[in-house]
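Worksheet for the structure shown next.
The chains referred to below are lettered A, B, ... by the order of the sequence lines, with proteins before strands, and numbering in each begins at 1. Worth saying up front: this structure is predicted, and the values here are computed from it rather than measured.
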Number of protein chains: 2
Amino acid sequence: MKTGPDFAAIAALIGDPARANMLTALMSGKALTAGELATEAGVSAQTASSHLHKLQNAGLLRLQQQGRHRYFSLSGDEVAQTLERLMGLAAGLGHLRTRTGPRDQALRTARVCYNHLAGDMGVRMFATMRRRGCFDFGDSGMVLTDAGREFVAALGITQDRMPRSKAPMCRECLDWSARKSHLAGRLGRAMLTRFETLGWARRVPETRIVQFSSRGLAKFDAMFG
Amino acid sequence: MKTGPDFAAIAALIGDPARANMLTALMSGKALTAGELATEAGVSAQTASSHLHKLQNAGLLRLQQQGRHRYFSLSGDEVAQTLERLMGLAAGLGHLRTRTGPRDQALRTARVCYNHLAGDMGVRMFATMRRRGCFDFGDSGMVLTDAGREFVAALGITQDRMPRSKAPMCRECLDWSARKSHLAGRLGRAMLTRFETLGWARRVPETRIVQFSSRGLAKFDAMFG
DNA sequence: CGTATGTTTCGATAAAGATCGAAATATGAA
DNA sequence: TTCATATTTCGATCTTTATCGAAACATACG
């Protein structure tokens, strides 16, 4: 019997191309059906089923059954951030044979990381908010200050309109393209959603790219320098 | 031919038990010979050689040849942090069948992450320094402020005594046990080294555990509350 | 009820790769 | 030089597992 550290099993799961494709698709934060994930991974439904079972068994995926559809999604922030890190590492190591195409560029500028904004714009947003004193970094983690509450209120985000949950409000997430932090957690999710609602940005289907309109970009720049 | 995202290949490399054992051993930050790594992984020298070749080829390991010995080490912070993240994820997901033994507890308290202090004590250290205004979080990443320079000088760490390098002085590293940041980068390394030099702490051989003496712990507590 | 669709289980196949024995290579020591 | 140690290369074996076809199962819809 092979014995190795626990994380080896997790890495092995992520390491299969078909499964990696599924996980990539789920990085958008959406829940996808088994069939959709099979297509996404380029394998048959049976094969996909087997993979999904393994991923779910390991705790990487969450399952919501709705009628004859089974919706899979990443089981949480932790998983998304680990994947993001792996992507960043791969991008960094591959500098020898990496060709940065236009699509890659768009990903670096603004993309969805699980459910919040990542990329240069995400990093800028977080840096500005941090500079304005929106966060307090105590022993118990990062919390939103009064100044922070005021800041996001200007965007139309108020505490009481956000879903209650035990998940942390604010969290840092390291950005692979910039190597700096951006905002994750429930607030990060709320802000990206707000940008979409306001029409500042939209998600490009089938990708993780977030496309800002020219008006939205202007608004964003005004707010986040 | 199988095609998947780049990070799948990296994850697959990490996912093999033998290789994962080698990488775990290298998380101490030390460089180890091929033979030592073979023992560590529990495989023959030939097998180890093959694994090491792959890891090095992918850019995960750095090789320093010294006579008939070949010393391997992690190629950088990025790699160490990704592994740390994976370990954290595995620890989090395994809550169903995880038994936290005493050794695990020691790891949570203080351990080596590549070359800097991690665990509760690492998190505390970073939080205190952050609270004292040791760092400035600008667009160009985290930098040491004058207050920060003063702070570490009290420990006997001065800029000019630190090795010059293009690697960043300060960097955040997310801690798996605490889910909060601790200090990485050259400064992080210098501080752990300093603790060892001062006799406050020592590394427990064969493990990643950092053991503080009672005197060292008192000093540490006085400094980092 | 029967039919269509989405998903899983079973079984067999095939490919990938981890493993080690034996031999080759390289370096250091006597 | 000769011997010993460290490591790699080659070749063969063997286990693991991704894959898909066929069939079973589940759910929705008429």
Atom pair CD1 (A/I10) and CG (B/L93), whose distance is rounded to the nearest 0.5 Å = 5.0 Å
Result for side chain to side chain donor-acceptor pair (under 3.5 Å) between B/H116 and one of B/H182, B/R189, B/R171 points to B/H182
Establish, from distance only, whether the side-chain atoms of A/Q211 and A/R202 form a donor-acceptor pair under 3.5 Å.
-> no
Where the side chain of A/H69 is defined as all heavy atoms beyond and including C-beta, which of C/dT7, C/dA18, D/dT19 is the nearest nucleotide?
-> C/dT7
May I have the distance from B/L32 (atom CG) to D/dA6 (atom P), rounded to whole angstrom?
-> 15 Å
Output yes when a side-chain donor or acceptor of A/T197 lies under 3.5 Å from a complementary backbone atom of A/T193, and no otherwise.
-> yes
Rounded to whole Å, NZ of B/K54 lies from C1' of D/dT7 at a distance of 16 Å
Nearest non-hydrogen partners of B/S28 and B/R203, listed with the distance | O-NH1, 2.9 Å
Atom CZ of A/R70 and atom P of D/dA28: how far apart are they, to the nearest Å?
-> 13 Å
Quick one: which of C/dT7, D/dT19, D/dT8 gets closest to the side chain of B/A45?
-> D/dT8
Polar-atom pairs under 3.5 Å, protein N or O versus N or O of nucleotides 23-30 of chain C: list them with distances, or write none.
none

Value in whole Å for how far the P atom of C/dA16 lies from CG of A/D16 = 13 Å
Contact list for residues 41-75 of chain A, test ring-ring contact (aromatic ring centres under 6.0 Å, His included), sequence neighbours left out = none
From the candidates C/dC20, C/dT19, D/dA6, the one with an atom nearest any side-chain atom of B/S44 is C/dC20
Taking the nucleotide of DNA chain D with the closest heavy atom to each, which residue, A/A12 or B/Y71, is nearer the 5' end?
-> B/Y71
